[in-house]
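A short worksheet on the structure shown next.
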Amino acid sequence: MSVRVRIAPSPTGDPHVGTAYIGLINYCFAKRHGGKFILRVEDTDQTRCTPESAQAIYASLRWLGLNYDEGPDVGGDRGPYVQSERVKLDLYRKFAEQLVDQGDAYYCFCSARELDVMRKRQQANGEPIMYDRRHRGIDRNEARERAAKGEPYVVRMKAPLNGEFVYRDRLRKQPVVKGWKEIDDQVLLKSDGWPTYHLAAVVDDHLMGITHVIRAEEWLNSLPKHIWLNERLGFTAPEYVHVGLLRNADKSKISKRKNPTSLLWYRRQGFLPEALLNFLALLGHSHPEGKEKFSVEELAAVFDLDRINVAGPVFDLAKLRHLQGQWFRELSAERMKEEIHRAVDARIDQLLPMLKERMACGGDYLTQVEPFYADQVQPHADDLIPKGWDKADATAVLAEVQKLVKSYLAGDNPVWDAPSVETLLREAMTERSLVPEGATDAQRKGAALWQPKGLFMLLRVAATGRKESPPLFDTLAAIGGLKLVERLGHAQLKLR
RNA sequence: GCUCCGGUAGUUCAAUGGCCAGAACGCCGGGCUUUCAACUCGGAAAACCGGGUUCGAUUCCCGGUCGGAGCACCA
């Protein structure tokens with residue numbers, strides 16, 4: 001039987017590096033065995049999924065060169081490849097009903113509110129959190145009548161009450177063993193009539209002839225449900241293989257708070273697909289000859305699922321940069337020029353509106369734009385001391401602003417655009433320019449520093465190295481928060 | 001809390017029931033360069049702990065510990 005594997009991302013938000021990672025593994029596995037690599041979009045959560053996000057997934061996979069043999073925008077004879085379209089064809093309901101008929105599933109009429117109360121109580125009592133199966137014994141015909149009258153319901157699987165589940169994952173030393181009593185009566189069909197992940201994935205994997213499900217470790221715990229569903233539905237289950245999750249530096253599951261997770265970001269940033277893929281390949285897998293730099297084709301030729309290391313690898317951007325450098329420097333002059341053009345173009349769109357008034361010809365762009373690209377700027381110490389200030393004043397204020405920006409950036413989801421930078425600074429100024437009653441002369445003097453005139457020039461010079469620049473807040477926004485913090489620090493050194 | 005998974009330098013990955021546990025990134029130092037980068041040479045740096053099996057355990061087994069994941073009408 002020929003190999004058929006799939007990736008099944010959910011189109012919520014930006015396309016994720018994790019998708020690329022799992023995609024790469026599946027892609028190589030398929031190529032290695034002369035099989036098919038399939039993309040299926042799992043958009044059964046009507047509240048969270050968007051078509052734009054699905055488009056971004058297609059575009060990103062194409063950018064990476066992880067071309068799928070079958071998928072939403074390329075077709076195939078096991079389609080459609082988008083679950084919402086499959087819902088319209090009523091592909092899932094009949095399997096849910098089949099299970100109900102077999103006595104392997106049942107209608108449940110609990111409301112969300114009811115379930116919430118139940119969960120809270122379990123939590124308070126330190127009990128395991130799971131559905132208490134109150135409708136499990138419900139009469140099937142009676143239940144269907146209630147449903148026919150319009151009462152909202154879900155269909156739940158009737159998980160075995162006892163016994164053990166054993167499954168061997170080829171990548172794990174020990175077989176996966178789990179007591180059935182730990183396993184919940186999972187919802188299969190939601191009250192909106194759409195399937196949950198569990199039902200949809202099992203049904204589709206079967207219908208699409210998937211032979212190996214290679215997915216992230218986070219699914220390991222629901223493996224019994226999936227095997228059970230296959231069994232009760234009379235399907236031959238695919239082989240399930242679970243690989244480790246990409247991690248942040250602190251070993252938690254990779255998140256956008258702590259790492260760039262959006263494939264869009266890597267593309268925008270100018271990373272080459274070859275380099276990203278090469279880097280991803282190094283995480284969790286190793287080349288049999290110990291090679292470090294290789295193409296996807298090379299990898300596919302030697303790829304061995306059993307060489308995958310299941311411990312979650314920490315995603316290390318520094319290593320990616322190194323590899324990217326290797327690939328980048330090997331580019332032909334022609335291609336390198338293209339890459340540079342792309343990078344510059346992207347930045348021009350952002351910067352041009354604020355720079356154009358200060359330009360008289362195209363070449364001026366190069367001088368105007370320098371502060372926005374440069375790693376460092378070199379302000380003159382003299383320029384860093386506004387009129388009427390002394391060195392200590394400037395240093396103190398720079399340090400204060402630096403601290404302010406730093407803590408702002410460390411906060412929850414910091415927005416860094418002109419309005420937010422302005423708000424941040426103006427609030428700080430208002431606060432600090434207040435003179436408390438009975439203030440000392442020193443306090444009075446300190447407070448006086450937090451006026452736009454001197455402060456804005458100081459920040460401008462520290463941030464750009466120049467006394468003239470586009471409007472301050474636009475400038476600070478375009479430079480970026482992290483770089484600004486660096487430059488504020490650098491300016492303090494200049495004053496020493 | 002319950003269940004499951006994992007543990008070799010800071011990070012990613014090797015090899016190995018027995019010789020000095022090997023590489024890459026990062027770090028430190030040297031060379032090249034006006035400088036930086038690239039390149040190159042060198043250096044520091046690792047088997048979670050305890051028990052068992054064995055002549056011998058980083059490797060196999062058990063327990064602990066630490067880390068992670070899952071416990072939704074999300075996927």
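For clarity, every value in this text was computed on a predicted model and none was experimentally measured. Every chain is numbered from 1, with letters handed out A, B, ... down the list of sequences.
- Here C110(A) lies in heavy-atom contact (under 4.0 Å) with a base.
- Mapping P288(A) and K319(A) onto RNA chain B by nearest heavy atom places P288(A) at the nucleotide closer to the 5' end.
- Looking only at atom types and distance, the side chain of E292(A) has no donor-acceptor partner in the side chain of Q326(A) under 3.5 Å away.
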- Task: Starting from the C-alpha separation in whole Å, work towards a yes-or-no answer on ring-ring contact (aromatic ring centres under 6.0 Å, His included) for Y21(A) and F315(A).
- Result: CA-CA 11 Å; Y21(A) 179 61; F315(A) 190 90; 9.0 Å; no
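- RNA chain B is contacted by both K251(A) and G312(A); G312(A) maps to the nucleotide lying nearer its 5′ end (nearest heavy atom per residue).
- With sequence neighbours excluded, the residues forming a side-chain contact (heavy atoms from CB on, under 4.5 Å) with H287(A) are E289(A), K291(A), F294(A), V302(A), listed by chain and number.
- Within residues 252-274 of chain A, the residues approaching RNA chain B are S252(A), K253(A), by heavy-atom distance under 4.0 Å.
- With 3.5 Å as the limit, one finds no donor-acceptor pair spanning the side chains of T261(A) and N259(A).
- Distance check on atom C1': A21(B) versus U58(B) gives 8 Å, rounded to whole Å.
- Remark: S84(A) engages D43(A), V82(A), W194(A) in a side-chain contact (heavy atoms from CB on, under 4.5 Å) (not counting sequence neighbours).
- Here, C19(B) and C2(B) have their P atoms 42 Å apart, quoted to the whole Å.
- Using a 4.0 Å heavy-atom criterion, one finds that S222(A) contacts no nucleic acid atom at all.
- Across all strands shown, U59(B) forms no Watson-Crick or G-U wobble pair with both distances under 3.5 Å.
- Of the residues R4(A), R78(A), R6(A), the one that meets the salt bridge (charged side-chain N to carboxylate O under 4.0 Å, His left out) test with D205(A) is R6(A).
- Taken residue by residue, residues 133-143 of chain A places no heavy atom nearer than 4.0 Å to RNA chain B.
- Heavy atoms of H242(A) sit nowhere under 4.0 angstrom from any nucleic acid atom.
- Atom NZ of K406(A) has 12 or fewer heavy atoms from other residues, nucleotides or ligands within 6.0 Å.
- R321(A) comes within 4.0 angstrom of no nucleic acid atom, judged by non-hydrogen atoms across all strands.
- The side-chain contact (heavy atoms from CB on, under 4.5 Å) test applied to D14(A) returns S262(A), L264(A), not counting sequence neighbours.
- For R156(A) and Y131(A), the positive end sits near the middle of the six-membered ring, less than 6.0 Å away and at most 45° from its axis.
- Residue G179(A) is out of contact with every strand shown, counting any heavy-atom pair closer than 4.0 Å.
- By the 4.5 Å heavy-atom criterion applied to side chains, Q269(A) and Q324(A) are not counted as neighbours.
- Extent of RNA chain B lying under 4.0 Å from chain A heavy atoms, first and last nucleotide in 5' to 3' order, is G1(B) to A75(B).
- As judged by a 4.0 angstrom heavy-atom cut-off over every strand, W194(A) is placed among residues making no nucleic acid contact.
- Aromatic rings of W219(A) and Y197(A) (six-membered ring for Trp) have centroids within the 6.0 Å cut-off, being under it.
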